[in-house]
Amino acid sequence: MEDFLFYPRGSKLKSPLPFLFSFYIFFVFPILFTFFYFVNLQVFHKKEAEEIKKNINYLTIFNYSQRGDIYDSFNNLFVTSEKSYDVYLNLDDFENKELIEKLVSKSNLYFYWGNEVIIRNLSLKDISDLVLKKEKYPHLFIIPSYKRKYLVKEEMGNLIGNLGLGDEKNFLRGEFVGQTGIEYFYNDYLRGRPGKIVYLKEKNNYKEIFKENDLRGNDLYLTIDWELQKRVYEAMDKYFKENGYKKGALVMLDPNSGKILTLISYPSYDPDVFVNKRIKIKEVLIDPYQPLFNRVISGLYSPGSTIKLIMAAAALEEKIVTPETKIFAAGSIKIPHPYFPGIYSVFKDNKFHGWTDIYKAIYDSVNIYFYVIGGGYPYPSDEIPIKDGLGIERIIKYWKKFNLGEKSGIDLPGEKSGFLPSPETKKNTLDPIWRLGDTYNVSIGQGDLLVTPLQIALWTSAFVNNKIYKPYIVEKIVSPENKIIFENRPQVLKENIMSSSTLNVIKEAMRLTTIKGTAKILAEAPLEIAGKSGSPQIFGKEKLNAIFTGFFPYKKPEVVMTLLIEEVPYGSVATLPLYKEIVNIYYNLKLERENGRNPF
């Protein structure tokens, strides 16, 4: 925006003179006059011109606005700003280098732009001597300012994000703005409006001629339960360190609204490092486990057997099977080579399962059942009575019905949409032909299918109430005048995804998973859980990722929770002790609140 201090104002004149005469009077002659005037100054009065330039100019000093506060879902303040002071000086006017070095030593942040110096984040104690001796330093300016104060640590790092220096095209020099997380996504709301003071410099004096006060930023109220997030992070951190696990992700959401209750990407970092502990920034940046990377929304993983929930729903909806249909799972399935008799492609299961219906297929995670309903079996028999499975086109159709391959629109930066393999995408690979084996692989969540942990949580929530809500973290935004200027409302992304009969079958099978299936350890939890495990192979089948996704309480679900641990030796079983502990944490915290105990 143009500053009125530096631009002349007035109305344009309409000349009654003929055009040519007006052209010379108002255009040519002023240019010639200006040209000869400056030649005269530079050639004959150069010293006088330089003296005028040196002694008469404007100085504009900006003061950074106070960023808005951030509260959790129980109105607990956990990000705020505290008063600080900045010092501005120009080295052309200020020769006390000893004082400059003293101020710099007290600050963790200072900038040089040519001869200009800004020293930030000073306390009142740091500048007390300057205030008392202000007359002694007429060319030194003390500017009221603010610095971010985080009352949280690693438990909120990836979620809240961090501040960093903004680019000078869009922000003030030396201004801290959101770089990641909530601080970035809602930066325009949090930032407020900087203020400025304009001084007129005449010889050695500065005269204030204009002042515009800064405006405080807006406050955010989140859906996040800070106490729950803190306790879950502590449990996760302890469990990972005890077992040597390095990377993982966890998300808890309300399946009835899309509100995010807890979101943790592990490892995380202390957001205060980027403001008040800047000496540690390098440690965060070079950490090989990438604490700045939000695995919940940006990490792309094979979903493993968690995809079987969608596959089972699709097979029931398309009448490939009924709940009573059984397949004999003998531990592997052989597909004869179409051109070379006696040669087979063998697709293995994790063990012998015997006769399997859709319930057992889910709760015992029977691969052969899903190979067949996904890709069919070219040689049907009494043991495997299904010739035509869903096929890749219908599989993709159901992936999309459950919002795979699409961003959810969560209010965080960096969300990935995942990758849905298809015959079309495979045309650009070394093996351009889509084969039956490709369909078999994606039917059990392997192959090139990639999703985020958040997407797994969202399709899990579909089995609660046949809807998928858009996830969100900010509940409302409140102005400094205490007016609500924005409020999030539940928004349905997908609904009526399947019939109620299909929904009930899948829900029951998910419950059986935690009673007598692959996650029966969870039967001991204080709340009834329904869910599905997954153990996708990675690094050429050398290692596994472990996943468990589910909801609780089973009869009236309040929470969908998805937990992923990277690079484990034994598959989904690695998630179950921690998953159970987190359910305990949720249950105990809820009891504390119901009994009137303040967890803070």
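All of these numbers come straight from a predicted model, not from anything done at the bench.
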On a heavy-atom basis, the closest approach of Val573 and Pro577 is O-CD, 3.3 Å

Salt bridge (charged side-chain N to carboxylate O under 4.0 Å, His left out) pairs touching residues 357-369, sequence neighbours excluded, are none

Check your understanding: Should Ser107 and Asn121 be marked as a side-chain hydrogen bond (donor to acceptor under 3.5 Å, both in side chains) after you check the CA-CA gap, both sets of side-chain angles, and the distance that decides it?
Key -> CA-CA 6 Å; Ser107 169; Asn121 293 352; 5.8 Å; no

Worksheet entry | Under-4.0 Å salt bridge between Lys580 and Glu524 | yes

(Q) For the CG atom on Asn482, are there more than 12 heavy atoms of other groups (residues, nucleotides or ligands in this structure) within a distance under 6.0 Å? (A) no

Give a yes or no on whether the backbone of Ile529 and the side-chain of Thr514 come within a donor-acceptor separation of less than 3.5 Å. yes

Scanning both residues in full, the closest heavy-atom pair of Lys401 with Ile497 reads CE-O, 3.2 Å

Is there side-chain contact between Ser499 and Glu317, with at least one heavy-atom pair below 4.5 Å? yes

So, Lys153 and Glu155, do they make that salt bridge, N to O below 4.0 Å? no

Next on the checklist: Strictly below 4.0 Å, N to O, side chains only: are Asp225 and Arg593 in salt-bridge contact?
Outcome noted: yes

In short, salt bridge (charged side-chain N to carboxylate O under 4.0 Å, His left out) pairs touching residues 497-523 with sequence neighbours left out are Arg511-Glu528

Looking only at heavy atoms, the pair that brings Thr223 and Ser73 closest together is O-CB, 3.6 Å

Report task. Answer yes or no: is there an ion pair linking Lys407 with Glu415, defined by an N-O contact shorter than 4.0 Å? Result -> no

When every non-hydrogen atom of Asn403 is compared with those of Gln455, the smallest separation belongs to O-NE2, 4.1 Å

Salt-bridge criterion met for Glu227 and Arg231 (N-O under 4.0 Å): yes

So, do Ile358 and Ile373 sit near enough that their side-chain heavy atoms are less than 4.5 Å apart? no

* Just wondering, are more than 12 heavy atoms of other shown residues or ligands nearer than 6.0 Å to NZ in Lys280? -> no

When Ile395, Ile396, Leu449 are each screened for side-chain contact (heavy atoms from CB on, under 4.5 Å) with Pro421, the one that passes is Leu449

Leu263 side chain reached by Leu412 side chain, heavy atoms, under 4.5 Å: yes

Applied to residues 493-517, the ring pair (Phe, Tyr, Trp, His ring centres under 6.0 Å) test, sequence neighbours excluded, yields none

message: Working note: Thr518 + Ser365, criterion side-chain hydrogen bond (donor to acceptor under 3.5 Å, both in side chains); need CA distance, chi angles, decisive distance, verdict.
response: CA-CA 7 Å; Thr518 57; Ser365 205; 5.8 Å; no

Determine, step by step, whether Glu242 and Tyr245 satisfy the side chain to side chain contact (heavy atoms under 4.5 Å, CB included) criterion, reporting the C-alpha distance in whole Å, the side-chain angles of both residues, the deciding distance to 0.1 Å, and the verdict. CA-CA 8 Å; Glu242 287 177 348; Tyr245 303 144; over 6 Å; no

Contacts of Phe274 meeting ring-ring contact (aromatic ring centres under 6.0 Å, His included) (sequence neighbours excluded), chain-then-number -> Tyr269

Quiz prompt | side chain to side chain contact (heavy atoms under 4.5 Å, CB included) assessment of Val505 paired with Ser501 | solution = CA-CA 6 Å; Val505 168; Ser501 60; 5.7 Å; no

Distance col, row Tyr233:OH vs Ser265:OG, nearest 0.5 angstrom, shows 9.5 Å

The complete set of ring pair (Phe, Tyr, Trp, His ring centres under 6.0 Å) pairs with one or both residues in residues 438-470, sequence neighbours excluded, reads Phe347-Tyr440, Tyr371-Tyr440, Phe402-Phe463

Contacts of Tyr579 meeting ring-ring contact (aromatic ring centres under 6.0 Å, His included) (sequence neighbours excluded), chain-then-number -> Phe548

- For the rings on Phe552 and Tyr586, is their centre-to-centre separation under 6.0 Å? yes

With a 4.5 Å cut-off on side-chain heavy atoms, are Lys247 and Phe293 touching?
no

- Can you check whether Val273 reaches Asn162 side chain to side chain, under 4.5 Å on heavy atoms? no

Return the orientation label for the Phe551 and Tyr554 ring planes: parallel under 30°, perpendicular over 60°, tilted otherwise. parallel

In this structure, OG of Ser84 is separated from CG of Leu122 (nearest 0.5 Å) by 7.5 Å

Residues at least two apart in sequence or cross-chain that pass side-chain hydrogen bond (donor to acceptor under 3.5 Å, both in side chains) with Tyr239, listed by chain then number, are none

Applying ring-ring contact (aromatic ring centres under 6.0 Å, His included) to Phe486 and not counting sequence neighbours gives none

ask   = Below 4.5 Å, heavy atoms only, C-beta onward: do Val321 and Leu316 meet side chain to side chain?
value = yes

- List the steps, then state whether side chain to side chain contact (heavy atoms under 4.5 Å, CB included) holds for Leu458 with Ser408. CA-CA 9 Å; Leu458 291 177; Ser408 68; 3.6 Å; yes

So NZ of Lys246 and NZ of Lys241: to nearest 0.5 Å the spacing works out to 9.5 Å

What one should report as the nearest heavy-atom pair of Pro303 and Pro536 is C-CG, 4.3 Å

Apply side chain to side chain contact (heavy atoms under 4.5 Å, CB included) to the pair Glu566 and Ile538, showing each step before the final yes or no. CA-CA 9 Å; Glu566 293 188 31; Ile538 57 173; 5.8 Å; no

Closest heavy-atom pair, Asn158 versus Ser268, reported as atoms and distance to 0.1 Å, is OD1-OG, 3.2 Å

message: Looking at Lys277, I want to see if its NZ is surrounded by more than 12 non-hydrogen atoms of other residues, nucleotides or ligands under 6.0 Å.
response: yes

Residues passing the salt bridge (Lys or Arg N to Asp or Glu O under 4.0 Å) test with Lys590, sequence neighbours excluded, are Glu558

Do Pro480 and Leu215 come close enough that some side-chain heavy atom pair is under 4.5 Å? no

Discussion item. So Lys348 and Asn367, do their side chains get closer than 4.5 Å, heavy atoms only?
Written reply: no

Can a salt bridge be assigned to the pair Lys149 and Asp69 using a cut-off of 4.0 Å between side-chain N and carboxylate O?
-> no

Taken to the nearest 0.5 Å, the spacing of Leu190 CG from Asn218 CG works out to 7.5 Å

- Task: Might you confirm whether atom CD1 of Ile286 has over 12 heavy atoms from other residues, nucleotides or ligands at distances under 6.0 Å?
- Result: yes

Contacts of Tyr221 meeting ring-ring contact (aromatic ring centres under 6.0 Å, His included) (sequence neighbours excluded), chain-then-number -> Tyr71

Would the number of heavy atoms belonging to other residues, nucleotides or ligands and lying under 6.0 Å from CG of Asp448 be above 12? no

Across all chains, not counting sequence neighbours, the salt bridge (Lys or Arg N to Asp or Glu O under 4.0 Å) partners of Glu406 are Lys494

Hits for salt bridge (Lys or Arg N to Asp or Glu O under 4.0 Å) against Glu183, two or more places apart or cross-chain, chain-then-number order -> Arg67, Arg148

